[in-house]
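Before I ask anything, here is the structure I am working with.
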Protein chains: 4
Amino acid sequence: MDLKTKIAEAAELVLLTNGLAKTTTKEIARAAGCSEGSLYNHFRNKEDIFLHVLRGQLKNLMGVLTSLQGLVGKETVQHNLEKVAVSALEDYTNSMPLICSIFSEPDILLRHREGFVQRNEGPHRANEAVAAYLMKEQESGRIMGDIDARVVADCVLGSCFQHAFQLNFTGKQESHEERFNYARRIVNTLFPDK
Amino acid sequence: MDLKTKIAEAAELVLLTNGLAKTTTKEIARAAGCSEGSLYNHFRNKEDIFLHVLRGQLKNLMGVLTSLQGLVGKETVQHNLEKVAVSALEDYTNSMPLICSIFSEPDILLRHREGFVQRNEGPHRANEAVAAYLMKEQESGRIMGDIDARVVADCVLGSCFQHAFQLNFTGKQESHEERFNYARRIVNTLFPDK
Amino acid sequence: MDLKTKIAEAAELVLLTNGLAKTTTKEIARAAGCSEGSLYNHFRNKEDIFLHVLRGQLKNLMGVLTSLQGLVGKETVQHNLEKVAVSALEDYTNSMPLICSIFSEPDILLRHREGFVQRNEGPHRANEAVAAYLMKEQESGRIMGDIDARVVADCVLGSCFQHAFQLNFTGKQESHEERFNYARRIVNTLFPDK
Amino acid sequence: MDLKTKIAEAAELVLLTNGLAKTTTKEIARAAGCSEGSLYNHFRNKEDIFLHVLRGQLKNLMGVLTSLQGLVGKETVQHNLEKVAVSALEDYTNSMPLICSIFSEPDILLRHREGFVQRNEGPHRANEAVAAYLMKEQESGRIMGDIDARVVADCVLGSCFQHAFQLNFTGKQESHEERFNYARRIVNTLFPDK
DNA sequence: CATGAATGAGACTTCATTCAT
DNA sequence: TATGAATGAAGTCTCATTCAT
């Protein structure tokens, strides 16, 4: 594995553990097993490292959302949404400290906001993907046509997002089973079995 | 207005504007119109100021939630929930940078997490209040007894929370009307008119 | 003496001894007997300290040049010019490392060039003052009207300037007497006794 | 052109453009179109490169001064001195940033001063050459025997040197014609036509 | 001889906190 | 209580030089 990857992985670990504010270049270098100077052979500066790591977040969820478009008409809608919700819970929970950190440095956000929005990289992208899936299911007739797909997507992902936030806030850990149960409760409420 | 309040308000302004990372004691003092030394006559340290400001967030929403318990059986459920959602959107949007900042300083969170949970001060408290309201409405028979009150609460507040997050992330501003429309779409989806 | 003055004097000493490149804030602080942080309570940055010291150079010569305008028609022209030359030799010799240092940091020069020229602070100012004096002596009839006053001024100060440069370059020290003799040779050549 | 020459030329360009302080090995390598490592295959270190470039300065002037010794009794003295002055103005103007840079690194100067003086490499050498020429002209009877040749040399070169310094300081550019006029004014003042 | 990633020493600067006035 | 200069620890980043390829 090349040093750049090693640095990125080390930085991710440190950032998620210590938060952006308490993540020092010294600590990243120590975790990557290289000198501080080496960081700057591969990244322009600390902000660059942070952004690199940030862009790598939510990979799992994004993968699920990509595959979601191919699941229109397959399995059950509930099952598909549960899969999304579980991934969202996992990724949001793991990434929350990193994603939130950007608000502690609004100038970084400002500098890259335009790019995020243009390249459609922000967390908002997930909601659009779920809404798109639901609209296709409406077309295919598996769910009623009069529901507000975007709102349903926002309810699923929003509740997962806030739940993940609160887990991080209170320091509680959830097992995979708990996550799955939460996902099912959400989906069941929005699409109750007859 | 005494100096302590002036400092707190100045700190809130600076924190929301500059983010925690770029909020310095010098800047707070300047905004409060006093010397840096004075900060320490009213607060133990910078962390103390931050926590003081943090505890003052979501005041508006919390007020609405308190009054909510008295609205059981009054107005319509939808109307009551819309009021909650609008307040949540407002407060979450305004407070997001501050609330999220805590994840950039996990040691502060760690030191105060227990207290937050014990005194029931965290943002999670809101969801409980809405769930409690909904359960009372179930008892009163205005809404079906078989819905999962906590999940509905999570959907309402979660979608608002994430929506507020994304507004802050993308830098978009919403008018009161847009906020109201979003709130109504959420509530309408969860409690559709017949 | 207040700390700002102490820092400035310490910085001047260090800058003249070590040159700009090897003058560190740590060294300035040590010489001033304060912490590095204190430097920044009185100066914006290292460049600011350098400029502050730079502006204080050639004080002696500038004083002589000011008084020179009052010497029109007094003493002898030769004597007056010798005084100028001796002061120039002294100040140029002492300040040469500092004055030249600015060419090792052209961006600093660029940033402040306009200001220097506008406020007439640069070393070029001395030549104008000597030329002005000579023209007044021409008007008073003590020296011939057909000589090029500016050129004579440039010869006097230029030769002193280059001489000072070369002393610094070769590391030779000159006694006051040697300086005086050099000054006299210059003036005698330009204004030979009958 | 071999790489050593390419590096030296690149270094000269960078040093004159950016100043010694902001001249990095990375930049020299970039300008030379080679790797940083290659610098060390041709020079011992950065200081070595700097000295190599420094020794190459004033080439033009030095050539004129060499030919000057052969001009005794030829052309007019004024004309010969004008040629010297023009070359001096050109070379001093171009080399000033580089030559002055040495005072920002006194330890380099200290380490090599002895060698400079012994090998007669410094800028002071020019003055001696002009003085030698003038003395020969005194012997040949073309100029009066009682003038101080060394002082005249110092006036010619000193005024050019300081003029070049001030041009660099104020950022003014001079045309060849302006340079020639300045040279003529200097020479005319020192050797007025009858 | 050419390369360029890795190094590590050290530079400048920031900032929360203290304390004498 | 109010001040604000002084502190010193710590952080980010630069850069000449080395060395394995």
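Throughout, protein chains are lettered first and strands after them, A, B, ... in sequence-line order, and every chain is numbered starting at 1. Fair warning: this is a prediction, and the values are worked out from it, not measured in the lab.
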A side-chain contact here means heavy atoms from C-beta on lying under 4.5 Å apart; do A/Phe116 and A/Ile102 qualify?
yes

Side chain of D/Lys59, backbone of D/Asp91: donor and acceptor closer than 3.5 Å?
no

Rounded to the nearest angstrom, tell me the gap between atom CD1 in C/Ile108 and atom C1' in E/dC12.
13 Å

When you measure from the side chain of A/Thr5 to the backbone N and O of A/Met1, does any donor-acceptor pair fall under 3.5 Å?
no

Can you tell me the distance, in whole Å, between the CG atom of D/Asp2 and the P atom of E/dC1?
10 Å

Round to the nearest Å and state the distance from C/Glu105 atom CD to E/dC12 atom C1'.
13 Å

Using whole Å, report how far NZ of A/Lys4 lies from C1' of E/dG4.
16 Å

Run the side chain to side chain donor-acceptor pair (under 3.5 Å) test on D/His112 and D/Glu47 for me, step by step, so that the C-alpha distance in whole Å, both residues' side-chain angles and the decisive distance to 0.1 Å come before the verdict.
CA-CA 11 Å; D/His112 298 276; D/Glu47 179 177 329; 2.8 Å; yes

Give the intermediate values and the outcome of salt bridge (Lys or Arg N to Asp or Glu O under 4.0 Å) for residues C/Lys6 and C/Glu9.
CA-CA 5 Å; C/Lys6 225 148 81 180; C/Glu9 291 186 2; over 6 Å; no

Starting at CZ of A/Phe43 and ending at C1' of E/dA5, how long is that distance when rounded to a whole Å?
14 Å

Using 30° and 60° as the class limits, which term best fits the ring planes of A/His52 and A/Phe43: parallel, tilted or perpendicular?
perpendicular

Is a side-chain donor or acceptor of A/Asn168 paired with a backbone partner of A/Pro97 at a separation under 3.5 angstrom?
no

Under a cut-off of 3.5 Å for both distances of each Watson-Crick or G-U pair, what dot-bracket string does DNA chain F give, using [ ] for crossing pairs and | for inter-strand pairs?
.||||||||||||||||||||

In whole angstroms, the gap separating P of F/dT3 from CZ of B/Arg30 amounts to 15 Å

Specify the residue among B/Leu3 and C/Cys34 whose closest nucleotide of DNA chain F lies further upstream toward the 5′ end.
B/Leu3

Do nucleotides 13-21 of chain E as a string where each nucleotide becomes B, S or -: B if the base has a protein heavy atom under 4.0 Å, S if just the sugar-phosphate does, - if no protein is that close.
BBSBBB---

Using whole Å, what does the distance between atom C1' of nucleotide E/dA11 and atom CG of C/Asn18 come to?
15 Å

Measure from the ring center of A/Phe103 to the ring center of B/Phe103 and say whether it is less than 6.0 Å.
no

Matching residue for D/Thr23 among D/Ile28, D/Thr17, D/Leu13 - test: side-chain contact (heavy atoms from CB on, under 4.5 Å):
D/Ile28

Phosphate contact (F/dT1 OP1 or OP2) by B/His42 side-chain N/O below 4.0 Å:
no

